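Here the structure is laid out as structure tokens; the discussion comes afterwards.
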Amino acid sequence: MDLSVENREILIPTDKEYQMPPGGLHIRMNEKPRDVDWRLQNYKLFACHAFARKNKIDRTVLDAPKPRFGIITSGKSYGDVRQALVELGITDDVAKKIGIRLYKVGMTWPLEPQGVQAFVKGLEEILVVEEKRELIEYQLKQQIFNWPSDVRPTVVGKYDEKGARLLPLDNDQSVGLVAHVIAKRIARFYKTPQIESRLKFFEGREADIKGYTPPSQRRPYYCAGCPHNTSTKVPDDGFAMVGIGCHYMVQWMDRNSAMCTHMGGEGVPFVGMAPYTNRKHIFANLGDGTYFHSGTLAIRAAVAGKVNITYKILYNDAVAMTGGQHVDGDMPVYRVAQQVMAEGVAKAWILSEQPEVYKDRKGIPDDVPVLHRDYLDKVTKECRETEGTTVIIYDQTCAAEKRRRRKRGQYPDPDRRVFINKSVCEGCGDCSVQSNCVAVQPVETEYGRKRKINQSMCNKDFSCVKGFCPSFVSVLGGELKKTKAGEAGDIFSKIPDPKPIKLESAYNIMVTGIGGTGVLTVGALLGMAAHLEEKRCRNLDMTGLAQKGGEVLSHVRISPTPDDLHTGHIITGGADLLIACDIVAAVGPTSYETLAPDRTKAVVNTNNTPVAAFVTNNEVDFHNRQVNDTLMKAVHPKGRHFVPATEIAQTLMGDEIATNIFMVGFAWQQGLIPLRKESIDRAIELNGVAIEDNKKAFAYGRLAAHDPDKVQQMVDAVKGDAEEETIATTLEKMLERRAEYLSGYQNEALANRYKALVQRVKNCRGKSGEQ
């Protein structure tokens with residue numbers, strides 16, 4: 001990021017440039033409201049105009065001796081426009097020759113009139129490129145509406161001059177779409193083979209992407225052990241309204257929850273709906289951060305409206321959705337209880353994972369019971385029968401925060417781990433019903449789909465054991481086996497460096513992965529390495545709720561010059577390299593759009609983490625073959641590299657978290673990253689987190705690309721004699737294995753009885769044909 005243009009003096013308009021009202025623009029003591037409004041309407045907005053003019057906040061970026069076509073844009077859209085011109089082969093010199101003028105608006109409202117009117121003069125047509133609604137476009141049209149028709153240019157933006165849709169009203173627009181629109185509008189006076197070729201490409205890709213449905217989708221979900229896995233449950237016939245926070249994700253779970261509102265509006269729509277519906281009671285989820293921000297107003301409105309509603313104040317001790325910040329303000333549980341009772345709620349309860357911490361009941365109102373979270377179902381049913389507004393304060397620390405604090409020694413770590421004996425497990429799915437936990441994962445066996453606990457993800461919530469399942473085994477006092485490989489320094493030092501990439505223009509890397517596994521760290525490391533080599537780099541990370549186990553993407557663009565990097569977004573079909581740390585995210589719509597079979601090379605992790613849909617659908621089809629086939633068709637047939645990265649990282653490094661850096665090492669050794677090894681190593685050092693482990697993961701990735709057989713030998717040596725289970729695919733093999741199992745379970749006679757029974761069934765089927 002170049003901040004040099006921001007290092008400038010702020011200029012104040014002189015008296016000749018702007019005439020201040022008596023006493024200046026700002027508020028003062030003992031002023032009448034009408035005087036405040038008079039100054040606002042007559043002076044303040046005009047002062048904004050004068051300030052913008054003086055400091056050149058809006059400016060003409062490109063001009064031409066004989067201008068005819070103007071583009072007005074702002075913010076991110078400005079970068080999209082500049083990149084679109086690059087894609088069309090319209091350099092600054094070409095733009096001057098063909099008459100393109102570009103105006104960048106720095107203050108979108110109020111639009112400064114003198115600068116924009118000077119820009120408009122002499123133009124035949126103006127294209128306004130802005131995201132969302134027509135903020136600039138409407139102001140521009142207002143300012144030139146009364147110009148004579150012979151000098152007033154045509155203005156198009158969201159719609160063309162005939163009323164047809166030109167640019168989208170919602171969300172952002174891609175560089176490809178902007179390039180397409182610009183090319184169409186200038187086609188009447190300027191065409192080139194490059195423009196026609198790019199137009200054809202964008203039109204083809206648009207049709208392809210419009211009809212594209214990903215074979216699988218990695219939606220964000222509650223972290224393993226998240227308190228919301230339990231707290232958002234409602235009785236079978238209950239309904240809950242949704243608010244802002246991680247608990248928002250309950251809408252795509254089987255919890256009869258919907259109708260999200262803004263902060264402070266949780267449950268309030270029911271105040272107006274209640275008289276007109278047969279539903280006499282609802283629940284409303286309300287995070288502790290939102291409660292302190294404005295949620296108390298919602299509770300106050302519900303009390304005043306005398307509606308039957310239960311607010312679940314989900315007290316998880318962190319602003320978890322945006323990274324685990326502390327909640328603003330000092331609002332411990334007992335003060336929340338005091339406040340809601342003072343607001344006039346009919347009844348309140350405190351439910352906690354550790355109710356013993358409240359045994360002295362310090363500060364807790366006498367009429368607020370403190371119970372274990374296991375009483376949630378009983379309490380919610382009592383709430384449903386209670387007239388008026390009730391509150392459940394559900395106190396359980398955020399699972400992600402537990403993990404962080406345990407690593408720092410700031411939170412107790414139970415001396416217990418839970419495992420599933422797959423020989424006993426029948427795959428019924430009750431453990432997922434009880435826990436709603438993504439750490440309970442499928443394992444395909446000879447006897448069908450069963451379950452396992454992913455120990456790398458487990459946060460020791462232990463809700464999964466609440467069912468009546470004999471397959472669970474608790475290990476007390478034990479530790480996970482550290483399956484680290486021996487030192488490999490000599491091997492690493494003998495790996496030859498690949499042929500370096502000659503970087504002549506922008507090189508685009510798309511990194512895809514799962515939220516919470518360090519995908520953004522990969523982008524940051526590559527960006528820092530590029531900076532150390534004095535190359536230009538732009539990163540664009542796409543996360544949002546995805547940090548909760550969902551699809552995460554990092555666009556990394558590296559170039560020897562800033563002229564190619566007007567936007568951080570990799571355009572349609574523009575990826576040179578795909579690092580697919582997660583293959584499901586790689587075939588998601590956003591990543592898929594950047595891939596091109598004649599351009600994109602790929603390094604793909606073949607270990608596919610199950611999608612969260614498994615939690616609520618025991619029989620979900622993961623579409624592994626379709627996911628693989630889709631990706632194969634989207635990338636270069638001679639540039640595809642596959643590696644079981646998660647398995648290798650887990651085995652050789654002892655933790656799945658090393659997977660992504662391992663992938664970077666693999667891609668670098670294949671000669672697919674235009675950076676030096678020394679720069680990446682230095683970036684890892686500057687990152688300051690698990691430095692030696694990350695360097696080793698990068699080296700193991702290089703080794704896997706250079707000598708995969710050697711890596712496999714190392715993996716086998718760590719695993720020892722443990723055999724990988726394979727699943728029989730023929731009837732004969734299935735019979736053989738089951739007979740062997742029955743013989744070991746009891747005796748050979750039982751095995752023979754089983755084989756005889758199967759043979760009789762087989763004979764009957766043969767006699768009756770397909771029946």
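Values in this document were obtained by computation on a predicted structure and should not be read as measured data.
- Contact of the K312 side chain with the I393 side chain is not registered, since no non-hydrogen atoms from C-beta on lie closer than 4.5 Å.
- Of all heavy-atom pairs between N285 and A240, the closest is ND2-CB, 4.2 Å.
- Judged purely by atom type and a 3.5 angstrom limit, R255 uses its side chain to pair as donor or acceptor with the backbone of N229.
- Looking at R702, its side chain never comes within 3.5 Å of a backbone N or O of A667 through a donor-acceptor pair.
- The closest donor-acceptor contact from the side chain of K450 to the backbone of C425 lies under 3.5 Å.
- Side chains of Q410 and R405: no donor on one and acceptor on the other come within 3.5 Å.
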Can you check side-chain contact (heavy atoms from CB on, under 4.5 Å) on V424 and V473, steps first, answer last? CA-CA 10 Å; V424 179; V473 178; over 6 Å; no
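- Using a 4.5 Å heavy-atom cutoff, the side chains of F492 and K696 are in contact.
- Here the CD1-CD1 distance, from I509 to I579, works out to 5.5 Å after rounding to the nearest 0.5 Å.
- Electrostatic pairing of R737 and E740 does not count as a salt bridge here, judged by no charged N lying under 4.0 Å from a carboxylate O.
- Residues G243 and Y248 approach most closely at O-CB, 3.6 Å, considering heavy atoms.
- Annotation: Q251, atom CD; neighbour count of heavy atoms from other residues, nucleotides and ligands within 6.0 Å is above 12.
- Checked against N624 for a side chain to side chain donor-acceptor pair (under 3.5 Å), the options T606, D629, N608 give a single hit: N608.
- Checked by atom type, the side-chain pair Q713/D709 shows no donor-acceptor distance below 3.5 Å.
- Within the 4.5 Å cutoff, no side-chain heavy atoms of C437 are placed close to those of Y222.
- Here CG of D582 is found 9.5 Å from CE of M663. Values are rounded to the nearest 0.5 Å.
- Salt-bridge formation is not detected for the pair K402/D413: no Lys NZ or Arg NE/NH1/NH2 atom is positioned less than 4.0 Å from an Asp or Glu carboxylate oxygen.
- Residue Q455 places its CD atom among more than 12 non-hydrogen atoms of other residues, nucleotides or ligands, all under 6.0 Å distant.
- Annotation: Y700 is not in aromatic contact with F666 [ring centroid separation under 6.0 Å not met].
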Step by step, would you call N436 with K233 a side-chain contact (heavy atoms from CB on, under 4.5 Å)? CA-CA 10 Å; N436 198 49; K233 289 181 178 178; 5.9 Å; no
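- S471 and N421 are not linked by any side-chain donor-acceptor pair at a separation below 3.5 angstrom, with hydrogens and angles left out of the test.
- The pair R218-E551 does not count as a salt bridge, with every side-chain nitrogen at least 4.0 angstrom from each carboxylate oxygen.
- The CD1 atom of I420 sits 10.5 Å away from atom NZ of K452, with the distance rounded to the nearest 0.5 Å.
- The aromatic rings of Y741 and Y447 lie tilted to each other, with the angle between the two planes from 30° to 60°.
- N605 places a side-chain heavy atom less than 4.5 Å from the side chain of T646.
- Residues F468 and P470 approach most closely at O-CD, 3.9 Å, considering heavy atoms.
- Residue R416 places its CZ atom among more than 12 non-hydrogen atoms of other residues, nucleotides or ligands, all under 6.0 Å distant.
- You'll find the side chain of L525 stays beyond 4.5 Å of the side chain of V664, heavy atoms only.
- Closest approach of A585 to S591, counting heavy atoms only: O-CB, 3.5 Å.
- Enclosure of atom CG in D236 is not indicated, since only 12 or fewer non-hydrogen atoms of other residues, nucleotides or ligands lie within 6.0 angstrom.
- Among all heavy-atom pairs drawn from N316 and P227, the shortest one is CB-CG, 4.1 Å.
- Within the 4.5 Å cutoff, the side chain of S216 has no heavy atoms near those of the F622 side chain.
- Rounded to the nearest 0.5 angstrom, E353 CD and F462 CZ are separated by 9.5 Å.
- Applying the 6.0 Å contact sphere to NZ of K601 captures no more than 12 heavy atoms from other residues, nucleotides or ligands.
- Judged purely by atom type and a 3.5 angstrom limit, R417 has no side-chain atom pairing as donor or acceptor with the backbone of L476.
- With no hydrogens or angles considered, no side-chain donor-acceptor pair links S743 and R738 at under 3.5 Å.
- Considering all non-hydrogen atoms of both residues, A580 and T512 come closest at CA-OG1, 3.4 Å.
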Taking it one step at a time, do D541 and S554 satisfy side chain to side chain donor-acceptor pair (under 3.5 Å)? CA-CA 4 Å; D541 298 326; S554 185; 2.8 Å; yes
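- One N or O on the side chain of D655 and one on the backbone of I657 form a donor-acceptor pair closer than 3.5 Å.
- Judged purely by atom type and a 3.5 angstrom limit, N694 uses its side chain to pair as donor or acceptor with the backbone of V689.
- Proximity of W349 to Y394: side-chain heavy atoms (C-beta onward) are nowhere separated by under 4.5 Å.
- Side-chain atoms of T600 do not come within 3.5 Å of backbone N or O of P597 as any donor-acceptor pair.
- Between the CD1 atom in I350 and the CG atom in L371 there is a gap of 9.5 Å [rounded to 0.5 Å].
- Applying the 6.0 Å contact sphere to CZ of F239 captures more than 12 heavy atoms from other residues, nucleotides or ligands.
- A donor-acceptor pair under 3.5 Å is formed between the side chain of N763 and the backbone N or O of Q759.
- The structure places CZ of R451 at 8.0 Å from CZ of R449, a figure rounded to the nearest 0.5 Å.
- Of the N and O atoms on the side chains of R373 and Q396, at least one donor lies less than 3.5 Å from an acceptor on the other residue.
- N618 contributes a side-chain N or O that, together with a main-chain N or O of G427, makes up a donor-acceptor pair within less than 3.5 Å.
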Steps toward side-chain contact (heavy atoms from CB on, under 4.5 Å) verdict (S257, M241): CA-CA 6 Å; S257 302; M241 291 189 68; over 6 Å; no
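- When side chains are defined from C-beta on, T630 counts as touching Y592, because their heavy atoms get closer than 4.5 Å.
- Between H228 and H247, the angle of the ring planes goes over 60°, which puts this pair in the perpendicular group of the 30/60° scheme.
- The closest donor-acceptor contact from the side chain of T380 to the backbone of D377 lies under 3.5 Å.
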Using the side-chain contact (heavy atoms from CB on, under 4.5 Å) rule, take L286 and L314 through it: C-alpha gap first, then chi angles, then the decisive distance, then the call. CA-CA 6 Å; L286 177 62; L314 310 178; over 6 Å; no
